[in-house]
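Take a look at the structure below.
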Amino acid sequence: MKISFVVPVYNEEKGLLKFYNELFLPEVKKINIDYEIVFVNDGSEDKTLEILQELAAHQKSVKVLSLSRNFGKEMALTAGLREATGDAVITMDADGQQPPSLIWDFIKKWHGGAEVVTGVRGKFEKHGLVAKIGSKLFYWILRLLGTKDTVPGSTDFRLLDRVVVDEYNKLTEHGRITRGLIDWMGYRREYINYVYGNRLAGKPSYNFRKLFGLAIDSFVSMSSTPLVIFGWFGAIITFLSGILGLFVIIQQFIMGDPMGLRWTGPTMLAIFITFLVGLLLISQAITALYISHIHAETQGRPLFIVDKKQSRNLDGKKKS
Ligand code: UDP
Ligand code: MG
């Protein structure tokens, strides 16, 4: 049994060795497992790569995968997962915020039959109000958009069984959010609550702009509900203005204005234009639905995923 650790690193020269020597090593030694640690250098501009290479020169279990430039954590994780060879893969950050002391808890859940174990961020220690509200809002919208499987506070501190990693590696879509994809994949899941600690050193590289982009990516890649909402909006407008238009025609022109409203030309025009706006919204939503279907096709996700670990008597691989 071998565990792979995948750790994306971007400009972590200050805390990296501390993470490895003081947090990571003592934990894996305690558990006494066969392991490898795959550091993915995500185009760091500081001494991170040199430190990693030096580490790899002395430790056989340390592998270094270096990307040609900064591709972002999502891509770094994806690259690392392709490189990992263990029976299970644990992904975690290099800044110490995701405590390696929990590694054993993850493995225990895995031994207990879980195929995906996700670390859920319980409390925020050094996070400001904006981050808290932002995170709440993010999960609220995600749920509203129909991705009900996402547990609020889920992080990328996660254990994946080999069967999950193999399937994940087959996914080809570009605008990817690891979290959303793993949630979409299903499998037997368990959760571990933990407190997001403080950074060992340095500053988080995710600023508001990046996080906002990530949020938009999540929404767009996971759901087409926004389009549907606008479609409904258009339908309601068309319906109401249609009724109003009919009322005016019947009341004023057919019955000769018994209610004495004396609605004038501009009123009629306003109603007519509102009616057309509604129609436009509907037709836009329909176009957008076609685009979302094209989008889904280009994402090229598998139609379904077989859980090879749980299936029996299929092709002789698993007979028990
Ligand atoms: N990271 C990365 N590429 C990036 C940004 C971050 O590989 O472009 C790494 C970073 O080195 C760290 C992890 O991803 O190990 C989480 O990053 P960070 O601490 O900045 O984010 P947060 O803790 O706010 O999620
Ligand atoms: Mg961090």
Side-chain angles (χ1 to χ4, degrees), residues 4-24 27 37-53 55 62-84 89-103 118-139 150 152-158 174-180 182 194-215 217-218:
S4 296
F5 296 92
V6 170
V7 184
V9 272
Y10 175 60
N11 292 350
E12 301 278 4
E13 62 177 6
K14 290 205 188 86
L16 192 53
L17 280 179
K18 198 169 172 199
F19 164 80
Y20 182 76
N21 290 321
E22 292 173 29
L23 294 181
F24 178 76
E27 289 305 325
I37 178 163
V38 181
F39 283 108
V40 185
N41 171 40
D42 187 14
S44 299
E45 289 113 27
D46 61 1
K47 293 233 159 50
T48 301
L49 183 58
E50 282 90 325
I51 296 171
L52 288 176
Q53 284 171 340
L55 213 55
V62 175
K63 299 186 175 179
V64 180
L65 183 69
S66 191
L67 304 185
S68 60
R69 64 166 170 85
N70 180 247
F71 282 91
K73 184 184 171 188
E74 299 294 327
M75 295 307 153
L77 274 178
T78 304
L81 282 175
R82 293 202 182 153
E83 207 57 41
V89 179
I90 296 179
T91 55
M92 62 177 155
D93 291 353
D95 56 10
Q97 290 191 288
Q98 303 175 342
S101 54
L102 288 175
I103 291 172
T118 306
V120 178
R121 192 190 251 199
K123 263 190 271 160
F124 294 84
E125 283 188 336
K126 255 205 166 163
H127 276 67
L129 194 67
V130 178
K132 266 193 222 174
I133 294 173
S135 160
K136 283 250 156 63
L137 199 66
F138 173 78
Y139 284 107
T150 307
S154 297
T155 62
D156 287 322
F157 191 13
R158 189 187 290 115
H174 283 213
R176 61 173 61 208
I177 299 293
T178 325
R179 232 170 282 181
I182 304 255
Y194 73 99
V195 177
Y196 212 59
N198 295 330
R199 271 189 152 263
L200 289 172
K203 277 199 281 238
S205 46
Y206 273 96
N207 53 26
F208 181 76
R209 194 174 52 83
K210 268 192 184 175
L211 283 176
F212 191 73
L214 215 60
D217 260 2
S218 311

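Remember, it's 1-based here, ligands and their atoms both numbered in the order they're listed.
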Mutual orientation of the aromatic rings belonging to Phe19 and Phe24 [parallel < 30°, tilted 30-60°, perpendicular > 60°]: parallel

Near the Mg ion (ligand 2) (under 2.8 Å) - protein N, O or S atoms: Asp95 OD2, Gln97 OE1

Pro8, any N or O under 3.5 Å of ligand 1 N or O: yes

Numbering as shown, the atoms of ligand 1 that approach Glu12 to under 4.0 Å (heavy-atom distance): 10 (C), 11 (O), 12 (C), 15 (O)

Per-atom contacts, ligand 1 versus Gln97 - under 4.0 Å to a heavy atom: 19 (O), 23 (O)

Side-chain donor/acceptor of Thr155 to backbone N/O of Arg121, under 3.5 Å: no

Ligand 1 atoms in contact with Ala94 (distance to a heavy atom under 4.0 Å): 15 (O)

Side chain, backbone, both or neither: the part of Lys73 lying under 4.0 Å from ligand 1 by heavy atom: both

Donor-acceptor contact below 3.5 Å, side chain Asp42 vs main chain Phe71: yes

Nearest-0.5 Å distance that lies between atom CD in Glu83 and atom OG in Ser4: 10.0 Å

Pairing residues for Lys14 by the salt bridge (charged side-chain N to carboxylate O under 4.0 Å, His left out) criterion, not counting sequence neighbours: none

Side-chain donor/acceptor of Asp93 to backbone N/O of Asp95, under 3.5 Å: no

Minimum-distance pair of heavy atoms, taken over all atoms of Ser154 and Thr118: CB-CG2, 4.0 Å

Minimum heavy-atom distance Gln97-Tyr194, with the two atoms named: O-CE1, 3.9 Å

Mode of Asp93 contact toward ligand 1 - side chain, backbone, both, neither (heavy atoms, under 4.0 Å): both

Flag, side chain of Thr48 to backbone of Glu12, donor-acceptor distance under 3.5 Å: yes

Atoms of ligand 1 close to Val9 [distance to a heavy atom under 4.0 angstrom, numbered from 1]: 7 (O), 11 (O)

Atoms of ligand 1 close to Asn70 [distance to a heavy atom under 4.0 angstrom, numbered from 1]: 3 (N), 4 (C), 8 (O)

Closest non-hydrogen atom pair, Ala94 against Leu16: CB-CD1, 4.1 Å

